[in-house]
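Okay, structure first, notes after.
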2 protein chains.
Amino acid sequence: MMTRRSSSVTIRDVARQAGVSVATVSRFINRNAPVSAEVAERLNQVMTELRYVPHAAARNLASRKTRVIGLLLNNLHNDFFVPLLNGVEAVVRKKEYNLIVATYHANSRNAMPAPIGPHNTDGLLVFSDGLVDEDLANLNASGFPMVLVHRTSPPNLDIPSVTVENIEITHKLVEHLIQVHGKRRILFMRGPLHQEDSVRRENGYKSALAANGIPFDEKLVLNGEFERDIAFQVLNDFLSNGKQVAFDAVFTGDDDAAIGVLKALHEHRYRIPDDVAVIGFDDLGFAPFLNPPLTTVRAPTESVGRIATERLFELLENQSSNGAVVLPTEIIFRRSCGCPA
Amino acid sequence: MMTRRSSSVTIRDVARQAGVSVATVSRFINRNAPVSAEVAERLNQVMTELRYVPHAAARNLASRKTRVIGLLLNNLHNDFFVPLLNGVEAVVRKKEYNLIVATYHANSRNAMPAPIGPHNTDGLLVFSDGLVDEDLANLNASGFPMVLVHRTSPPNLDIPSVTVENIEITHKLVEHLIQVHGKRRILFMRGPLHQEDSVRRENGYKSALAANGIPFDEKLVLNGEFERDIAFQVLNDFLSNGKQVAFDAVFTGDDDAAIGVLKALHEHRYRIPDDVAVIGFDDLGFAPFLNPPLTTVRAPTESVGRIATERLFELLENQSSNGAVVLPTEIIFRRSCGCPA
DNA sequence: CCGTTTACTGTAACCGTTTACATTATTTCA
DNA sequence: TGAAATAATGTAAACGGTTACAGTAAACGG
């Protein structure tokens, strides 16, 4: 028995055993050149017999591809990511690629470079704000394939993106609160300050107020970071504070944070929707079963993941790109806004 | 300007520019051998100037490490995975590793090999049933680091595992339904047939029935696969079927599926918990806010992810392992079992 | 029947790192 | 003070694949 540094079986072992050159084995594996029937059969045998698995790193190095795509998120603190990941993973798997999931946000940027990029992936799905416009410009200039998710391209770059319609739908939803349910003091539990969804939803919120002659009161804007626990914390503090600001509704920028909002309201004995109406965004799976059922906006999150990934593969395959995709959203009326069950 | 095949800057470029050998650069990067202060400073300059990023594949090939750990899941259809992923990702990031997430289940096994393994990761967190005992034995024999998650080692292998306590807690919870709320016809919405959590919870369920003199009725066991939509579907079919089997409670193997159960019960106008009590498992974030609030078992899912990953790193670093970790669980009584709010 | 494809195969350079081994200069220490 | 350890660096051989280039034999086309 021969000794070897690495214990794993290599393409050379296969070649030797099958009596062909390594080039032939490689061609057979990648099916990028014809191989005679007998050789093919022999290789099949030998490969299964030896349990040969091509070494990914060697392959990547030689071919200058990784067969990995990366998904860069700010964090993993939201149930929202399950449908997103699901959509992404499905097409990655179909393409026989692998998926690296990494978190990275603007604050970590100073401390370290992004964990994933051209050196270890073939393309990136960028959700995170950790890659600032400058980073995007650099990557884009080097021809690195990227698709932005829930975020649009910096003006001069034209990086493909997939987002959902935010402003109009939010405007409508908030207006519903005002016109149908007579709410006028609507608290906005927003998300991360520079997250586009949050900004757009804030715009829709403000435009609805303006359109209905309600002055914007910045005391009614709280920073929930689109996180359940933070939203709870923030609203709880707000409610516990002696000099309370009156309000009769909460527009929570996302369903997950809405749970925190409901929790805080419940603990402070508000009746929902009678004392305070609550609305969310995303229509996560649990939304119809919250107490009360949550009026929210249905966002096609799994589709966002799927489509973004498909577009990334288009980029990998054809180099072709085509602007911003905005998926439609729809309001789902349930009990929490005051509508009948 | 020189032309080069690859446009990226390599360690040779850095070495040349700094007037040292590539070995020195490598040592500096990996900090595994002393480098003089002047050289260090020069390298720092040159590297940032050239925007040098080491090529992962080349590194992996030469060092026979990937700095990637893999998480193998059956699917991504459950909000349960958010805390799990969160725990895993946190320690992976701290260690400056990368995380590949892949789905693979027993049925895909015939069609293709597992997408991740020794060829592209340094170690695996195995949740999936796609790796059968035989696969685990092979991998283990080759010394490949693995930690099982929500799954215990095949008897003769002693692969480290992290799970949660299922049987006793389920026994207690079901017994609560029987003794406190007088339920006797308890439907069990189980998970995937060979998933250990599901099997154990079924055991706990049966032992509680037995201990209280209630005969086990297999007509009261439904296959919800731990998936919201499937659980809904299955229970809905069950309820729509003319010759209905009487029942007065549902033990759902996990909270996510419990949502499907609640939906089906609501649609068929059952009052919860009066007509039918419902209990779940996991205490996902939304559980206190379902309608009614869900009595469930609190499982420390994020800790499972964290601890499993920490143990995997121990394996990578020390080669040391130590059996099965079982994390404690606790019942959270809420309204859905019939307890007061 | 002969020049030209086409099918199949091999040789060897290359991908961008790490690291064993070698070398020299400088400390350390008995 | 001389031998041995240590610091700092270089040279070149891996690591395990892919692929450009070249070659041979068979099939094709006019």
Side-chain angles (χ1 to χ4, degrees), chain A residues 2-44 46-47 50-68 117-122, chain B residues 2-44 46-47 50-68 117-122:
Chain A
M2 297 183 54
T3 51
R4 209 201 280 96
R5 293 216 193 158
S6 164
S7 65
S8 64
V9 9
T10 76
I11 197 173
R12 275 174 242 275
D13 299 318
V14 175
R16 188 173 336 112
Q17 187 86 359
V20 296
S21 72
V22 294
T24 299
V25 180
S26 174
R27 290 180 189 118
F28 174 68
I29 293 171
N30 298 297
R31 313 210 178 289
N32 52 13
V35 158
S36 73
E38 333 142 56
V39 170
E41 196 194 353
R42 206 154 5 118
L43 283 176
N44 263 328
V46 173
M47 283 172 54
L50 262 45
R51 296 170 189 276
Y52 170 67
V53 179
H55 190 286
R59 230 176 175 178
N60 298 347
L61 179 58
S63 66
R64 277 159 292 272
K65 305 195 144 98
T66 65
R67 296 194 74 81
V68 167
H119 60 293
N120 57 3
T121 60
D122 291 349
Chain B
M2 296 184 54
T3 52
R4 210 198 283 91
R5 294 218 194 157
S6 164
S7 65
S8 63
V9 9
T10 77
I11 198 173
R12 270 177 249 277
D13 300 317
V14 175
R16 188 172 337 111
Q17 188 86 359
V20 298
S21 74
V22 295
T24 299
V25 181
S26 175
R27 290 181 189 116
F28 174 68
I29 293 172
N30 298 298
R31 313 206 179 290
N32 52 14
V35 158
S36 72
E38 332 142 57
V39 170
E41 197 193 352
R42 209 156 1 120
L43 282 176
N44 263 328
V46 173
M47 282 172 52
L50 262 42
R51 297 171 187 275
Y52 169 69
V53 178
H55 190 287
R59 231 176 172 177
N60 299 347
L61 179 57
S63 66
R64 276 160 296 270
K65 303 193 145 86
T66 65
R67 295 194 76 80
V68 167
H119 60 294
N120 57 2
T121 60
D122 291 350

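Per chain, numbering begins at 1; letters A, B, ... match sequence-line order.
- OP1 or OP2 of dT18(C) has not a single side-chain nitrogen or oxygen of Asn32(B) nearer than 4.0 Å.
- Contact annotation: side chain of Arg27(A) to base of dG10(C), donor-acceptor pair present below 3.5 Å.
- When the side-chain nitrogen and oxygen atoms of Ser63(B) are compared with OP1 and OP2 of dT18(C), none of them lie within a distance under 4.0 Å.
- For the pair Glu38(B) CD and dA25(C) C1', the interatomic distance rounds to 14 Å; values are reported in whole Å.
- One interatomic measurement links the two molecules: CZ of Arg64(B) to C1' of dA14(D), which rounds to 8 Å at whole-angstrom precision.
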TODO: For Asn120(B) and Thr66(B), run side chain to side chain contact (heavy atoms under 4.5 Å, CB included): C-alpha distance rounded to whole Å, both residues' side-chain angles, the deciding distance at 0.1 Å, then the answer.
DONE: CA-CA 7 Å; Asn120(B) 57 2; Thr66(B) 65; 5.5 Å; no

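- A pairwise comparison of heavy atoms in Ala40(A) and Val35(A) identifies N-CG1, 3.7 Å as the closest pair.
- Following rounding to the nearest Å, His119(A) (NE2) and dC15(C) (P) show an atom-to-atom distance of 20 Å.
- Remark: P of dC8(C) and CG of Leu43(A) are 13 Å apart, rounded to the nearest angstrom.
- Rounded to whole Å, atom P of dT18(D) lies 5 Å from atom CG of Asn30(A).
- Counting only heavy atoms from C-beta on, Ala23(A) has its side chain closest to dT11(C) among dT11(C), dC15(D), dG17(D).
- Nucleotide dG30(D) is matched to dC1(C) when pairs are restricted to Watson-Crick or G-U wobble geometry with both distances under 3.5 angstrom.
- Put simply, Thr24(A) has no side-chain N or O that comes within less than 4.0 Å of OP1 or OP2 on dC8(C).
- Of the residues near DNA chain D, Pro34(B) and Ala62(B), the one whose nearest nucleotide (by heavy atom distance) lies more toward the 5' end is Pro34(B).
- Between Ser26(A) and Ile11(A) there is a side-chain heavy-atom pair separated by less than 4.5 Å.
- When each of dG17(D), dG10(C), dG16(C) is scored by its nearest atom to the side-chain atoms of Ala58(B), the top-ranked nucleotide is dG16(C).
- Using a 4.0 Å heavy-atom cutoff across all strands shown, Val25(A) reaches no nucleic acid atom at all.
- Contact annotation: Ser26(A) side-chain N/O to dT18(D) OP1/OP2 distance is under 4.0 Å.
- The shortest distance between the side-chain N/O atoms of Thr10(A) and the OP1/OP2 oxygens of dG16(D) is not below 4.0 Å.
- Side-chain contact between Ile29(A) and Arg59(A) is present, with at least one heavy-atom pair separated by less than 4.5 Å.
- Closest approach to the His55(A) side chain among dT11(D), dG16(D), dT18(D) is made by dG16(D) (side chain taken as heavy atoms from C-beta onward).
- Rounded to whole Å, the distance from CD1 on Ile11(B) to C1' on dG16(C) is 8 Å.
- The structure places CG of Asn60(B) at 11.0 Å from CZ of Arg64(B), a figure rounded to the nearest 0.5 Å.
- Residue Asn60(A) places none of its side-chain N or O atoms closer than 4.0 Å to OP1 or OP2 of dG17(D).
- Comparing dC8(C), dC15(C), dG10(D) by their nearest atom to the side chain of Leu61(A) picks out dC15(C).
- Contact annotation: Arg12(A) does not reach the phosphate of dG17(D) (side-chain N/O to OP1 or OP2, under 4.0 Å).
- The nearest whole Å value for the distance from the CD1 atom in Ile29(A) to the C1' atom in dG17(D) is 9 Å.
- Rounding to the nearest 0.5 Å gives a distance of 13.5 Å between OG1 of Thr121(A) and NZ of Lys65(A).
- At whole-Å resolution of the value, CZ in Phe28(B) and P in dT18(C) are 13 Å apart.
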